[in-house]
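Note sheet for the following structure.
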Amino acid sequence: MSDLHNRHVYQPNPEFAKNARIKNMDEYHALQNKAIEDYEGFWADAAKEKIDWIEPFTNVMDESNFPFVKWFDGGKLNVSYQCIDRHLKTRGEKTAILFEGDRGDVVKITYNELSRNVNKFANLLKEDFGVKKGDRVVVYMPMIPEAAYAMLACARIGAIHSIVFGGFSSESLKDRIEDAQAKLVITADGAYRKEKPYLLKPVVDAALEGETPVEKVLVVERNNEEVTWVEGRDCSYHELIKDKSDVCAPEVMESEDPLFLLYTSGSTGKPKGVQHNSAGYILWAQMTTEWVFDVKEEDVFWCTADVGWITGHTYIVYGPLAMGATTVMFEGVITYPDAGRPWKMVQDHKINQFYTAPTAIRVLHKMGDHEPSNYDTSSLKVLGTVGEPIDPPAWQWYYNEVGQGKCAIVDTYWQTETGGHVISPLPGATPIKPACATLPLPGIMAEIIDEKGNTPELGEKGLLCITRPWPAMIRGVWGDPERFVKAYFGDVTKNGKPVYFTGDGAVYDKDGYITVTGRTDDVINVSGHRMGTAEVEAAILKHENVAEVAVVGKPHNLKGEGIFAYIVLKEGEVTNEAKEINEIIKKEIGSIALCDDMVFIPGLPKTRSGKIMRRILRSIAKCEAITQDISTLEDPSVVAKIEAIVAK
Ligand code: WT7
């Protein structure tokens, strides 16, 4: 971070800025100052302008029960109405979802078609499965339009969806189903990846073995591969949808009625069900899509995430559809058949905004330095990145090769818990610096402070916090209010009052720009996906010959961070353990949690009170010299032994 204060500054493209929603820094500051001076007024105006209310709200924010906060009380709305119905008059024949399949098959779904499909789907959920307002529905789907229909159909009838990323294993799926007590699972037989079918249904079958709250499984046929069918439980979407009416009145929802749960890893225990509620979430999803990507009426917007992550929720489905945009949904792998795939898609569909993760940028760069120039990518205006701190070389390649030096890069910092972006450049206003998320968005009171709420010295790392509740803030951890309070509001106070701590470290530069430096807790960021060390450790401990384990993150040139496991065996020489442990991880969590490094050591570095010194393990994994004092360890000699094993 030595050059933190002297990074090159890139001004917004003046042509672009002319027509941008926020055109310059004066406009940015005017908005942010309005929020600072009249916080509730700022949000009330936004909510009145953006949301099609069935009944207006009577109260803007109620924080009397902080951190349990209510927004827009008294208001009634329906999120699917916001995303579909209100556009039908003016945009009925506009493409809502532009789907490109793995094998290059393209389907354009208009807002009219989206409406019919979602209404039918909603009627199916009600009539065939008796799904009611407040019921939890687990969605385990590939990247096909039916995934979006399922989400919006739930929203239409007031059911709470909980999407589980298709890469998670049957055990992970089982845990999430049980925690949410879901009565229905929506899945697909499978989908296509690199032109080959892969299957999802068998994972669902395994997850439902034994006792389960699930009564029915709805199976969307995508690749018509043969899958097991459990009579009386499994139902064919294509059969049931046929005779459904395409009219289903939207359920009238309160502002604070839950919209969805999304499970994410924390530093301890099992993944927690992050709860987002209707009005605040959809408001911010829409506002940030408009501001940060500056999507215009005729634009085509592509976010490469999977709907199984928050990025897919907010920026494939809810944000773009709430504003009436055309959103691209891609089934395949962006490096298949070659590293030109995304640039070919940009050319074919005249994509204007492209949003992906640093890990994808690094892989695309490595595979095809000049690949973008083989295609006509002149439609691009805004390039986005999300999920982990981007490194300057990846940023430079993105800016110069992909953006041809004329596109703004929006390094968007946010989390599952924040619902939408919280720190990001505005493409027509903010002068950007490589690998820097820059400034809080208007309305977001993000600050770098220490545990007591003081601002650190310039250039010193601090804790990234949000000091006032915002509409799209996490509303709770499903079924565990105590964990919600402890996980997010237990570490940092300002003026003696608890504030939301993101779990990330960050630093200000001389211009007040925020650079996010990464997690300060035991969470590893693998390819932009959050993994809790505790979860990976729990999986490894299931191996019968494992006595102890500690997992840390280690810098990885493509993934950002890789998983490094230190394992102490109960007895004997190491034989097949590494392979067996990987099998267990695959079964317990999924391939995304496989270890990049696994070392078998005689003992872990622990303090006399038994606490594992992970900092030492992190240093050893990076092959760094140990600078911390190891004399307090119960057995300091273990450090040299571990170093010798890792060095091998
Ligand atoms: C964590 C949240 C938000 C959607 C994808 C991940 C890291 C996210 C950035 C960024 C530096 C970032 C943080 C955060 N992160 N965006 N632009 N710069 N770090 O969502 O799984 O909830 O993970 O991702 O560490 O806490 P998530």
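These numbers come from a predicted model, not from an experiment. Starting from 1, each residue takes its place in the sequence as its number.
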Do the two ring centres, one from Tyr318 and one from Tyr281, sit under 6.0 Å apart? yes
Would a line drawn from the ring center of Tyr355 to the ring center of His421 be shorter than 6.0 Å?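 Judged by ring-centre distance (under 6.0 Å), Tyr355 and His421 do meet the cut-off.
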Using 30° and 60° as the class boundaries, would you call the ring planes of [X] and [Y] parallel, tilted or perpendicular?
{"X": "Trp302", "Y": "Phe354", "answer": "perpendicular"}
{"X": "Phe260", "Y": "His313", "answer": "tilted"}
{"X": "Tyr315", "Y": "Phe293", "answer": "perpendicular"}

Are Arg475 and Phe68 in a cation-pi contact, defined as NZ or CZ under 6.0 Å from the six-membered ring centre and within 45° of the axis?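 The answer is no, since Arg475 fails at least one limit relative to Phe68.
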Looking at [X] and [Y], does any basic side-chain N land under 4.0 Å from a carboxylate oxygen?
{"X": "Asp450", "Y": "Lys452", "value": "no"}
{"X": "Arg614", "Y": "Asp522", "value": "yes"}
{"X": "Glu561", "Y": "Lys554", "value": "no"}

Pick one: which of [options] meets side chain to side chain contact (heavy atoms under 4.5 Å, CB included) with [X]?
{"X": "Leu464", "options": "Val492, Thr502, Ile449", "result": "Thr502"}
{"X": "Ile584", "options": "Glu171, Lys579, Lys542", "result": "Lys542"}
{"X": "Trp414", "options": "Leu441, Ile423, Val386", "result": "Val386"}
{"X": "Tyr566", "options": "Val551, Val646, Asp597, Ile645", "result": "Val646"}

Side-chain contact, heavy-atom cut-off 4.5 Å: [X] with [Y]?
{"X": "Val639", "Y": "Leu633", "value": "yes"}
{"X": "Leu184", "Y": "Val138", "value": "no"}
{"X": "Leu364", "Y": "Ile334", "value": "yes"}

Should we count NZ of Lys174 as having more than 12 external heavy atoms under 6.0 Å?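 More than 12 within 6.0 Å, yes.
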Qualifying residues under ring pair (Phe, Tyr, Trp, His ring centres under 6.0 Å), relative to Phe489, sequence neighbours excluded: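 Phe489: ring pair (Phe, Tyr, Trp, His ring centres under 6.0 Å) contacts with Phe66, Phe484, Tyr500.
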Do the side-chain N and O atoms of Tyr263 and Asp175 include a donor-acceptor pair separated by under 3.5 angstrom?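 Not at all, the side chains of Tyr263 and Asp175 share no donor-acceptor pair under 3.5 Å.
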